[in-house]
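Notes for the one structure printed next.
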Amino acid sequence: MTKSTESDPTTPSTEEASLEDIAGDPSAVVTVDPEEVEREAPRVGISPELSMDPYGDEDLDMSRGDFASMLAEFDDDLQDVKEGDIVQARILKLTENSVILEFGFKSEGSVSLDEFKDPDALEVGDEVEVLLESLEDDDGVVVLSKRKADFLRVWEKIRAAHDADKPVKGTLARKIKGGVTVDLMGVDAFLPGSQIALRRVPNIEDLIGETYSFKIIKLNKRRRNIVVSRRVILESEREKKRDTLVKELLVGQVRQGTVKNITDFGAFIDLGGLDGLLHITDMSWGRVGHPSEVVNIGEALDIKVLDVDWDRERISLGLKQLLPYPWTEIDRKYPVGARVRGKVVSITNYGAFVELEKGVEGLVHISEMSWTRNIRHPSKLVSIGDEIEAVVLKVDSDDEKISLGMKQIEEDPWLSLPMKYPTGTKLVGKVRNLTSFGAFVEIEPGIDGLVHVSDMSWTKRVEHPSEEVQKGQDLEVQVLDIDAENKRISLGIKQLQDDPWPAISVRFAPGVECDGTVVRVQDKGVVVDLGDDIEGFVPASHSTVDNSEQLEEYFEAGDPVDLKVLESDAANRRIVLEVLTAPERKPPREEVVEEVDEVEAEAEAEPDEAEVETEVVAEADEVEEETDVEVDEEETVKEGES
């Protein structure tokens with residue numbers, strides 16, 4: 001090895017130089033002899049490969065400073081790394097699923113892209129920390145891990161927080177089976193669903209991205225398992241607040257709370273450590289269909305403490321109690337006789353409730369809806385949401401009740417009926433309904449009068465109105481009486497003709513003998529037809545039959561009989577007769593039984609006719625049901641007249 005210097009009178013131009021000389025003169029130009037380097041390098045601790053070109057025989061000419069710099073640079077690349085260390089690595093390349101990294105002595109390794117918290121922010125050239133798990137696996141590949149490096153960096157902090165029982169901040173990252181993954185200082189921790197809040201969270205997705213304080217409740221370094229809880233912290237906070245509330249909370253207080261949950265019967269309000277119930281009936285003085293109409297989850301509101309039961313840990317709250325009581329001096333605001341407007345908010349079988357203002361409702365009873373119409377259900381006349389006008393009939397502020405009337409908006413047509421239809425007026429109406437005691441005839445829309453069976457014929461005893469009139473028939477009648485107060489009209493058919501009984505009593509004077517026909521057999525005697533729709537009555541004692549219970553064995557409808565008038569009473573419109581010729585006893589009714597069997601067989605063979613009959617009966621039942629109330633009233637009238 002030779003050493004050359006620039007022209008210097010005190011220094012030879014060229015001389016042999018040893019490896020020790022090179023270390024002391026950085027300006028020297030070194031001519032390397034490969035054989036000498038290989039022989040001398042081990043002695044001074046320098047690898048021969050660093051001072052020669054291993055790929056050729058050319059001399060390596062460089063200054064001592066350049067050579068030292070090259071050694072330092074290479075020494076930096078040869079950082080002391082071993083398996084299990086966290087090393088700095090530089091991103092060489094990004095692929096679809098992984099990140100290619102370079103570290104240490106120009107080695108490369110790959111890490112899965114999903115091990116990075118924010119893969120979209122990665123760029124080539126970025127430096128990251130990774131864990132060197134293995135310098136060489138079975139395939140000769142370096143094994144690196146970003147997730148494990150992050151875990152090890154924060155493990156000591158997490159362990160210290162766990163040991164000191166201190167809360168740590170974390171962010172809810174994503175929902176997984178059974179709970180949520182929490183980003184805790186850059187590593188993933190598991191938050192069970194039951195530990196998210198004090199109560200079950202209906203929609204966990206709404207909390208993703210939120211940052212909370214958590215208590216570390218379980219650690220396992222080997223499995224890198226961290227379990228956290230937010231509920232523990234909330235319970236601790238609630239307990240502290242509860243202790244404070246127990247001392248401060250009093251009935252009648254107004255406090256601020258937050259709506260936590262809504263049910264069909266009310267809303268639960270967080271008072272800051274304790275929950276109270278705001279019942280639906282205490283939300284508003286008015287009608288509330290569902291609590292969600294008044295409050296929303298998360299809403300902060302002022303509420304009044306109505307009752308506290310520490311034994312059962314129940315707190316009753318009120319919202320409407322913060323508003324003025326609407327029924328104060330309500331009778332002055334809505335005096336009897338005043339016309340008011342309101343909205344129908346509820347309909348029942350007996351009427352409709354009308355909201356006059358928030359918290360004040362009145363009832364329009366079904367009987368107060370129309371002067372003339374027979375309303376079977378309020379929904380036939382009004383619907384929920386309708387705006388109606390009514391008259392105040394009665395106010396009871398103590399029981400919070402207001403009676404309203406719709407029909408009072410119009411004049412009562414019944415008041416003018418006595419003048420419009422005085423007694424004796426003849427008019428034509430339509431038969432609307434038939435009952436067992438008479439027929440209802442509509443004389444004008446919504447106003448019906450009753451023709452009682454006793455007013456259908458002067459001479460004939462009418463058992464059912466269908467013997468004389470039919471439903472839907474236009475019928476001429478005469479007004480007998482109008483009771484406007486009780487809304488009743490009595491009509492008659494027989495009154496259209498003169499009373500024939502004065503002449504009948506002369507024609508059938510006592511002692512007159514005549515022929516007749518049996519109409520029907522009754523318990524106390526026999527009804528006979530004397531002709532011209534004139535009926536007479538034969539008492540059992542004058543029927544020539546000794547035992548009145550055997551009348552049906554001697555008489556049947558249609559039998560001719562010889563009669564004699566015993567009494568003719570024009571005032572009571574009756575004729576009493578006796579039988580002159582004793583009838584013969586009828587044979588047993590075996591044939592009748594056979595005829596009944598034949599009729600039943602025919603009925604089974606013709607089901608369609610039976611169905612029609614059933615429909616007719618059902619329709620009749622419906623008609624009777626509609627007129628039950630009117631029936632009772634009219635029967636009472638007739639009994640009074642009798």
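- With a 4.5 Å cut-off on side-chain heavy atoms, Arg461 and Arg520 count as touching.
- Residues passing the side chain to side chain donor-acceptor pair (under 3.5 Å) test with Asp302, sequence neighbours excluded: none.
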- [ ] Carefully, step by step, assess Lys460 and Glu468 under the rule salt bridge (charged side-chain N to carboxylate O under 4.0 Å, His left out).
- [x] CA-CA 10 Å; Lys460 182 180 178 183; Glu468 298 294 321; 3.6 Å; yes
TODO: I would like to know whether Val295 and Met283 meet side-chain contact (heavy atoms from CB on, under 4.5 Å); could you show each step before the answer?
DONE: CA-CA 9 Å; Val295 297; Met283 289 185 171; 4.2 Å; yes
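- Not counting sequence neighbours, the partners of Asp275 by the side chain to side chain donor-acceptor pair (under 3.5 Å) test are Arg199, Lys260.
- For Thr423, there are no side chain to side chain contact (heavy atoms under 4.5 Å, CB included) partners at least two apart in sequence or on another chain.
- With sequence neighbours excluded, the residues forming a side chain to side chain donor-acceptor pair (under 3.5 Å) with Asn349 are His377, listed by chain and number.
- Here the shortest heavy-atom pairing between Ser370 and Ile375 reads CB-CD1, 3.9 Å.
- Remark: Asp399 engages Asp396, Lys401 in a side chain to side chain contact (heavy atoms under 4.5 Å, CB included) (not counting sequence neighbours).
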TODO: Walk me through it: do Phe437 and His464 pass the test side-chain contact (heavy atoms from CB on, under 4.5 Å)?
DONE: CA-CA 7 Å; Phe437 57 85; His464 194 274; over 6 Å; no
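- Checked for salt-bridge contact, Asp481 and Arg488 miss the test: no charged N lies under 4.0 Å from a carboxylate O.
- No salt bridge links Arg287 with Glu355; every basic N to acidic carboxylate O contact stays at or beyond 4.0 Å.
- In terms of the side chain to side chain contact (heavy atoms under 4.5 Å, CB included) criterion, residue partners of Leu496 (sequence neighbours excluded) are, by chain and number, Lys426, Glu476, Gln478.
- A salt bridge does not link Asp183 with Lys169: none of the charged nitrogens is closer than 4.0 Å to a carboxylate oxygen.
- Judged by a 6.0 Å distance limit and a 45° cone about the ring axis, Arg230 is not positioned over the six-membered ring of Phe214.
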